[in-house]
Structures are given as structure tokens and as C-alpha cells.
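So the structure is just underneath, and the comments pick up after that.
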Amino acid sequence: MSNGLGRLDVPGWTGRIGGPLGRHARVSGGLWFDPVPWTIAAAAFTWLVLMVRQVPCLQTVVGKVPNTFTRLCYSDIPVLYQNRTAIWSGGALFAAMPGQNQTPLEYPTLTGGFIWVARWLSGVLGAVINPDATSDQILAAANTFWAINAVMLAACFGVLVWAHLQMGRNSGSPHTQGVRVRAWDALFIAGAPAVMMSGLINWDLFAVALTSVGLLVWSKKRPFAAGLLIGLAVAVKFYPLALLPVLLVLCMRAGRLKAFGQFTGGAAVAWVVANLPVMVTNFSGWSFFWTYNAGRGPDYGSLWSLVVHIGIPVLNVSVAEVVCLSLAGLLVVGVTFTAPRRPRLAQVAVLVLIAFLVFNKVYSPQYVLWLLPLLVLARPVLLDMSVFAASEGLYFLAIWGHLADKLSFNGHELLYWLAILLRVGVQIWLAVRVVNDIRHPWIDPVRTPFVDDPIGGVLDHQPDVVWLRFGQPEAHE
């Protein structure tokens, strides 16, 4: 029922999905009210489901490859191992193989480092890794390599969940009677269908874990150390670089450009240290990731692939992509500077990432892992997370149906295109919901009269610079 101030007086559990803690909520009680064991149990169950799902795709006989698309358990990990001579022969990962028609590894350097460590551990456990390996030995080594990667990525998933539990530790306040309501939000990640579907398609969880730990360290007001972690994350996957412009505009509004400089310096140092050895010793192999992605055309799951398919003329998709991203970026900057209260870090970050995922030339199914943690931090509301999970689940089914050629009807793949539109539409809907929270901060599901930005670090409760406060409307508490 309403308390007369426009705020609902509802049971305490709604605080864990975005609502306020009621006056009758229980603030202690041991195991039942401790998010840690429940989150750990959910994470263990999620990874168990993921591992069981992968069993039908395990290849055991040379030449008999399971149809991983129809079984919905495709993974790049064993496929890349078997198809890249440089990996199974023990060669340099970023070097082309003369006479083998093999290109360098199309991943950033620290992803290559992750692969190198997994290959080394495979050899320690008895896998045959040399140029003279037989087909049976290569297949056996690929399965060992996959299993080791699964364990390493499980550790990354554990770190990711731990980081979000830690980011919720400071969410207790007089308003919540000391209950750390935001720590429960980690359950949205620990039990995420997205992880059950896509956690072992590629090595993305490594970058996702580093990014969340970087945000955790930023929340502790250690910008240089946070920058180091984000710089390493960028050396795994490119997308964490989006945090730099996000923090720039927020630090400009808060007058904390020194902290932004420290963050940027840390990111630059870590990225250079991670990239310089390969860059110096094999520049062509190092740069292949950049040239490969720059020259990539409209690909799986992207809005551009749909545009091209239905015949809308686009002279240059790369230029169109940059223009759309630039316009979206300007909109995010405008929203950030004109909001009645400075937006939370996660809110601006999720808007930038959604813009990137909507207009990028490819949307691989594992990209959902990039968005999941930021969405949980930006808008931990059950409805939003459920719609998000459903749309991504339908896209997951559609992309594999498309690759297995199971969705074609009269030469068209209407279900696949509809799944793309649904995925894009839901992501835009989520962005609109976040913008609405930014424009009306008094209804933000994370903020309360005593909470500003739980992961804001130096931005938390920091007043705006004077020139920005002039003429701005007051935020309602």
C-alpha cells in the first residue's frame, strides 16, 4: 500500500529485485538471509547445467563430428584447437604457418595467453602436442584442451560472481536497516540462463570477469588499479574500452578528472605491457586481430545483416556503423550532462554497450555475457532481467537453427530475422528504461534517499561542478 509519498510499502524481498525494503522486513536470520551461500549454489548449478549441455557435442571418433548446431552446444574451443596447426603443433599462436594456409590467431594477446596456458596444461596432463601428432592424438588433445578451458572459465565465472557479491557489500544504509540488499543482485548473474547457454562458446568470460573486478576496484576508490584491470580486459576483448568515455563524461560532470587520468594511465600501462611483447616480435600477427575485424562485413546476428538481406542500400556498412555509433554516443553524452542528478556509472556504461551491440557488424551469441553484468548493475529488476533472458534465449535458438539450415522456409529465414529484431528491440527497450531512471532518479531501483552510486567510487555522493549545476532541475529524493 502507498505510504503517501509515492513509495510502495512492500515486503523486504522486493529490495533484492529493485524495490524498497519494507518496515517489517527481517534484517538478520543467518543462512536464509545471507546471499553468499545461495549465490554460490546458483553459480555451481549454472555451471553444471552448462557442462551437461556440452556432453552431446563431445567428439570421440576422428571424422565423426557431432552436429553441434542442432544440439545447441557449439564451442569454438575444441574446433579452434583442431583447425589451427599453430595450436596443436605447439607453435607460436600469432604467427602465420608457411605452407599451411594458416592465418595468425584472430584474438587479442591475452586471449592468446589464455589459450597458451590451457595448451601448456594440456601437455602437462599428457596431451600430445607436436607437429607429428596423429589425428587420434590431436582429437584426444583437443578434448583435454577443452576440459582445461572449461575449468579455467569456471574460475572466471566464480570471480565474476564474487566481484558482484563484493560490489553489493556497501549497499546497506539506514534506509535498508543495514541489509546489503544489492548483494542479492549477484543471483541474477549466478543463475543466468545466458551463462548456461553461452558460457563455453568462447573465452569471453575471461574479459567479463576482469571487467567486473575492475569495476569493483574502482568502487573502492582506487582508479589506477582499476585502470590496470580494465587495460588487461581490453587486451582480452575489445569491448571494455567503452568504460573510458563513460568515465570521462562522468568525471567531467563530477570534477574528478584527476581520477580519470589515473584510471586511463593504469589502463594504458596494462594494455601496453600485455601487447608490447607480441607487437615487437611479430607485428603482423599482433595486428591481424585489428585488420580482421576492421575488414569484416555484416555478419551473424547483426542489424546490418538484416538490412543487407532485405535489400536496403548501404554504400559502406563500416561507415554507417561508425555514424550510428557516433550519434548514439552523442545522445548518451547529452543524457549524462542534462540529467537532474549525475547518472550512475553502470547506467551510462550499459547505454554505451547497448549502442555498440545494436550497431556492431556482428552479434555472436556469447556477446550476451558482455551485457549481463552491466545490466544487473544498471537495472536489477526481475521484469527487465526476465525479458532480457527470454529474448536472448530465442536468439540463441535462432542463430543455431540458422547455421544448421533449419529455419529456411521458401528460401527465407523469417524466424531468424525476427529473432534479430526481437534481440535489438529488447536491448533498445532496456536502454529506454535506463534513460527513464536517469531522467527520474527518484524512481531509480538502486538509488534511495541515502544511496547515490554504490560502485561509483570517487563519484559516489560527489557534487557536480558549479558550471554544470547552474540551471539544472533539482532531483527529487
Side-chain angles (χ1 to χ4, degrees), residues 12-19 29-54 149-172 176 179-217 219 229 233 346 349-350 353 365-393 396 430 445-446 454-455:
W13 58 265
T14 58
R16 300 165 196 165
I17 59 172
L31 175 66
W32 294 105
F33 293 88
D34 184 355
V36 174
W38 299 104
T39 302
I40 293 173
F45 176 76
T46 295
W47 203 260
L48 177 62
V49 171
L50 176 61
M51 293 294 291
V52 170
R53 284 190 59 256
Q54 295 299 132
N149 273 278
V151 172
M152 292 170 65
L153 290 170
C156 292
F157 181 49
V159 169
L160 170 66
V161 171
W162 168 84
H164 283 262
L165 280 170
Q166 295 300 309
M167 280 188 268
R169 285 178 62 86
N170 297 326
S171 59
T176 64
V179 175
R180 295 166 176 171
V181 291
R182 297 273 67 90
W184 286 95
D185 295 340
L187 274 171
F188 281 126
I189 297 173
V195 178
M196 298 180 191
M197 295 184 295
S198 304
L200 285 171
I201 292 177
N202 203 282
W203 293 274
D204 295 69
L205 275 175
F206 184 27
V208 173
L210 281 172
T211 301
S212 286
V213 175
L215 290 173
L216 171 63
V217 174
S219 75
L229 287 160
V350 83
L353 186 56
Q366 70 269 19
Y367 290 3
V368 64
L369 300 173
W370 305 356
L371 187 55
L372 173 66
L374 289 176
L375 183 60
V376 169
L377 292 171
R379 205 162 203 284
V381 178
L382 184 58
L383 172 64
D384 299 58
M385 299 306 301
S386 299
V387 173
F388 171 68
S391 66
E392 294 293 340
F396 181 84
L430 291 168
V446 172
I455 67 163

(message) Restricting to non-hydrogen atoms, name the atom on Val446 and the atom on Ala378 that form the minimum distance, rounded to 0.1 Å.
(response) CG2-O, 4.5 Å
(request) Quick one: closest heavy-atom pair of Phe188 and Val376, and the distance? (result) CB-CG2, 3.6 Å
(request) Give a yes or no on whether the backbone of Ala190 and the side-chain of Thr46 come within a donor-acceptor separation of less than 3.5 Å. (result) yes
(request) Could you name each residue pair satisfying ring pair (Phe, Tyr, Trp, His ring centres under 6.0 Å) that touches residues 365-385, not counting sequence neighbours? (result) Tyr239-Trp370, Tyr363-Tyr367, Tyr367-Trp370
(request) Please name the pair of heavy atoms, one in Val161 and one in Ala186, separated by the smallest distance, quoted to 0.1 Å. (result) O-CB, 4.2 Å
(message) Can you confirm whether Met197 sits close enough to Leu50 that some side-chain heavy atom of one is under 4.5 Å from a side-chain heavy atom of the other?
(response) no
(request) Could you tell me which non-hydrogen atom of Ile189 sits nearest to which non-hydrogen atom of Val195, and how far apart they are? (result) O-CG2, 4.2 Å
(request) State, with a plain yes or no, whether a side-chain heavy atom of Val350 is found less than 4.5 Å away from one of Leu377. (result) no
(message) Would Met51 and Leu200 count as a side chain to side chain contact (heavy atoms under 4.5 Å, CB included) here? Give the steps.
(response) CA-CA 9 Å; Met51 293 294 291; Leu200 285 171; 3.8 Å; yes
(message) Working to the nearest 0.5 angstrom, can you tell me the gap between Leu153 CG and Trp203 CH2?
(response) 8.5 Å
(message) Measuring from atom CZ of Arg182 to atom CE of Met167, what distance do you get when rounded to the nearest 0.5 angstrom?
(response) 12.5 Å
(message) I want to check something: taking the side chain as every heavy atom from C-beta on, are Thr39 and Trp162 in contact at a cut-off of under 4.5 Å?
(response) no
(request) Decide yes or no on side chain to side chain contact (heavy atoms under 4.5 Å, CB included) for Trp47 and Val52, but give the supporting numbers first. (result) CA-CA 9 Å; Trp47 203 260; Val52 170; over 6 Å; no
(message) If I take atom CE from residue Met385 and atom CG from residue Leu372, how far apart are they, to the nearest 0.5 angstrom?
(response) 5.0 Å
(message) Under the side-chain hydrogen bond (donor to acceptor under 3.5 Å, both in side chains) definition, can you give me all pairs with a residue in residues 376-390, not counting sequence neighbours?
(response) Arg379-Asp384, Arg379-Asp437, Asp384-Arg433
(request) Would you please test Leu374 and Leu215 for side chain to side chain contact (heavy atoms under 4.5 Å, CB included) and show each step? (result) CA-CA 10 Å; Leu374 289 176; Leu215 290 173; 3.8 Å; yes
(message) If you compare all heavy atoms of Thr211 against all heavy atoms of Ala233, which two are closest, and at what distance to 0.1 Å?
(response) OG1-CB, 3.6 Å
(request) For Ser212 and Ala209, indicate whether the former's side chain and the latter's backbone hold a donor-acceptor pair under 3.5 Å. (result) no
(request) State, yes or no, whether a side-chain contact exists between Val208 and Phe157 at a heavy-atom distance under 4.5 Å. (result) no
(request) Output the distance between atom CZ (Phe388) and atom CG (Leu430), rounded to the nearest 0.5 Å. (result) 7.0 Å
(message) Using side-chain heavy atoms (C-beta onward) and a distance below 4.5 Å, is Ile455 in contact with Leu216?
(response) no
(request) Considering non-hydrogen atoms only, spot the tightest contact between Val368 and Ser198 and give its length. (result) CG1-OG, 4.0 Å
(message) Contact between His164 and Pro373 at the side-chain level, heavy atoms closer than 4.5 Å - yes or no?
(response) yes
(message) What I'd like to find out is whether the side chain of Ile40 reaches to under 4.5 Å of the side chain of Phe45, using heavy atoms alone.
(response) no
